[in-house]
Amino acid sequence: MEVGTSCLHKKYTSNGLSCCIVDPRSSWKRKIGTLSGFEQYPLFRGRRNSIWGTVRCASLGSGLYPKPRRRPTPIPGNFDVGPDLDDGRLAKSANSGLCQQIENLVFFRRYREALELFEILSSRDGGSDGGGGDVVGLSTYDSLVSACIGTGSVGDVKMVFRHMLETGFEFDQYMRNRVLLMHVKCGMIIDARQLFEEMQERNIVSWNTMISGLVDAGVYEDAFRLFLLMWEECSAASARTFASALRASAGLGIALSGRQLHSCVVKMGLSTDTFISCALIDMYSKCGCISEAQWVFDEMPEKTVVGWNTIIAGYALHGYSEEALDLYYEMHDSGVKMDHFTYSIIIRICARLASLEHAKQAHAGLVRNGFGLDIVANTALVDLYCKWGRMDDARNVFDKMPKKNAISWNALIGGYANHGQGNEAVNMFERMLKEGFVPNHVTFLAVLSACSYSGLFDKGWQYFESMTHKHKIKPRAMHYACMIELLGREGLLDDAFALIREAPFSPTANMWAALLTACRVHKNLELGKLAAEKLYGMQPEKVGNYIVLLNIYYSTGRSAEAAKVLETLKKRGLRLLPACSWIEIKKQPYRFLFADKSHPESDEIYRRLDELMEHLVEMGYSPNGKSLLPDVGAHEEQASIYHSEKLAVAFGLTSTPNGTSLQVVQGHHICQDCHTVIKLITRVTGRYIVIRDASRFHHFRDGSCSCGDYW
DNA sequence: TTAGGGTTAG
């Protein structure tokens, strides 16, 4: 069956196609991959014992669904909740049963109350009798399914589903799909898999629900497999199916499969569907094809708010923050009403651009347009203020949030950690636990780095050990790196090295880098050399590692080894780029190369730089930690960071009232074509400053690299 | 017939 040709002319109904499968298990053993070309990807090839691979399914018993029968007649009723319910008490009206009240509550989205009422009902004798003569029928169960989806509670799902089974409720296709959806939406993907597997009859909605659920659960590979199987079993797919399959492609980051889906969509005449267009934009941008995403966006007949959001998020995802901001203003001019998604995206872009002016406008717009309580946008705001070092503002936004989740806590704890307020980070972490929030690996990364940064040695170890024993979270490489840093700060280099060897996985570059940093500080050349050599072996393309190794060899007088390193560099075609900094003054970018003397006032600039550095050192600033050993003349990232810091000082971008340090915290945006650092953000006394930003003239929107011209 | 689809935060 060729998707691109004949199969598209097969019988296809957009409203749904019933697919009767006599023995699903036997059919699942058949070869998959009927879509033209999909077989070529290793991901979708090879062993497959079952459609779910090796995932174990929780036992729900078999034969959950008896043979369908005619649906019970819905209970008629008035959808007005009534004043007695508003008081939180049960209705006493003689003709208003509990079932009806449950349905009414759900209609008004009062899910929790509806489920509490159902709990009372189900605890009564018989279960199926609602006390007032009510029979829990399809319409009530349907409402309860909506209530469970609304609360997202696993306990509620179990309660409702158990009641359905115990009372002998007879499921029809509609209710089978609704129950499947209930499990999927509440994150019970293993149970949902089994329910789907045990379905004796499935229609297009069942397939779509399951595929979408797998995508939601992040099991993209299985979602795509199921999509392929659907094609084989049903020869049909709707726009909804493609939307989910595109999400799976986006999750996998496989542009080729996404392109094939795009081709299918066009041939099926679905390319004007708004949902499909948005899914395509998202898929292309997440697969790194931003120009194709832009093309799909341009072709959208009606550009919806989701379309705008998706393309803006796409540009932001690839570091094109200025372009994303331009699009945001274009969106504003187009008259499309922004939603809470828009503000969340924009606030994050502002955080990255270090643009307080735009951030303030976005914050104001968020509140003005009624999204001031949105958890995602507020979390983005907390992160933004943290990045700006405005911890009071961050805390203020956080405290006013009506609902919080682990991500919100992580943003704040991480903020305190990054600003050296280790004790505050630890206090917030303790409060998070006390309030019943479940920490995750990001939380521990934040709190461990806080302990490391602030020298809270005992606390750090206590939390690190609690990860495994109390919270059942397996420490990852970054957690180990934090602990290595923690030990390193105490000068316990042998213990740090022992931790690397004892890790239950192969040491990563981050772990060796943490050890190397500690070795620099404590002048342990032997161990430092070992760590640098490990890094050199693990990241052979990273020029920075060669520099470190070169520095170590030069400092110990090992010129022969140093020469070998330089030779290796030459063989590999790696070149040491001169350090370069940009700074924007009154919208005019200025560029300075390392040791650059081309500026007409360079003598004055360097004199001023030296003066300022002396002044900074007097106040306690220490530029160490960047290089243990003398420079070798040619520089790359490490040297350029130091260069940028000096430049920041030279242009008066810092005030160091109490001898604070300058620290690069934002990482680098590196050109994928030429591996040049095109953007660098430096934090200077709590302020975030874009100290180097070549992105607007480095790349064009079609992705071509302009570094040849620029350099 | 109902039910199933796209974008956001650490």
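Below, read A as the first sequence line, B as the second, and so on, with proteins coming before strands; counting in each chain starts at 1.
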Between dT7(B), dG10(B), dG4(B), which nucleotide gets closest to the side-chain atoms of Arg240(A)?
dG4(B)
Reckon Lys303(A) has a side-chain N or O less than 4.0 Å from the OP1 or OP2 of dG6(B)?
no
Could Lys459(A) and Glu430(A) be called an ion pair, given the rule that one side-chain N must be under 4.0 Å from one carboxylate O?
yes
Describe the nucleic acid contact of Thr443(A) in one word from base, sugar-phosphate, nothing, applying a heavy-atom distance below 4.0 Å.
nothing
What about Tyr329(A) and His358(A), are their ring centers closer than 6.0 Å?
yes
Residue-phosphate contact under 4.0 Å: Arg247(A) side-chain N/O, dG6(B) OP1/OP2
yes
Side-chain N or O of Lys403(A) closer than 4.0 Å to phosphate OP1/OP2 of dA9(B):
no
Between C1' on dT7(B) and CD1 on Ile346(A), what's the gap in Å once rounded to a whole number?
12 Å
Report the nucleotide, chosen from dG5(B), dG10(B), dT8(B), that has the shortest atom-to-atom distance to any side-chain atom of Val376(A).
dT8(B)
Of the options dT2(B), dG10(B), dT7(B), whose atoms approach the side-chain atoms of Tyr174(A) most closely?
dT2(B)
Closest to the side chain of Ser238(A), out of dG10(B), dG4(B), dG6(B), is dG4(B)
Quick check: does any side chain N or O of Ser454(A) sit under 3.5 Å from a backbone N or O of Gly422(A), one acting as donor and the other as acceptor?
yes
Does NZ or CZ of Arg202(A) come closer than 6.0 Å to the centre of the six-membered ring of Phe196(A), within 45° of the ring's axis?
yes
Of the candidate nucleotides dG10(B), dG6(B), dG4(B), which contains the atom at the shortest distance from the side chain of Ala279(A)?
dG6(B)
In whole Å, I'd like the distance from the CE atom of Met182(A) to the C1' atom of dG4(B).
16 Å
Which of dG4(B), dG5(B), dA3(B) is nearest the side chain of Asn203(A)? It is dA3(B)
N or O in side chain of Arg348(A) less than 4.0 angstrom from dG10(B) OP1/OP2
yes
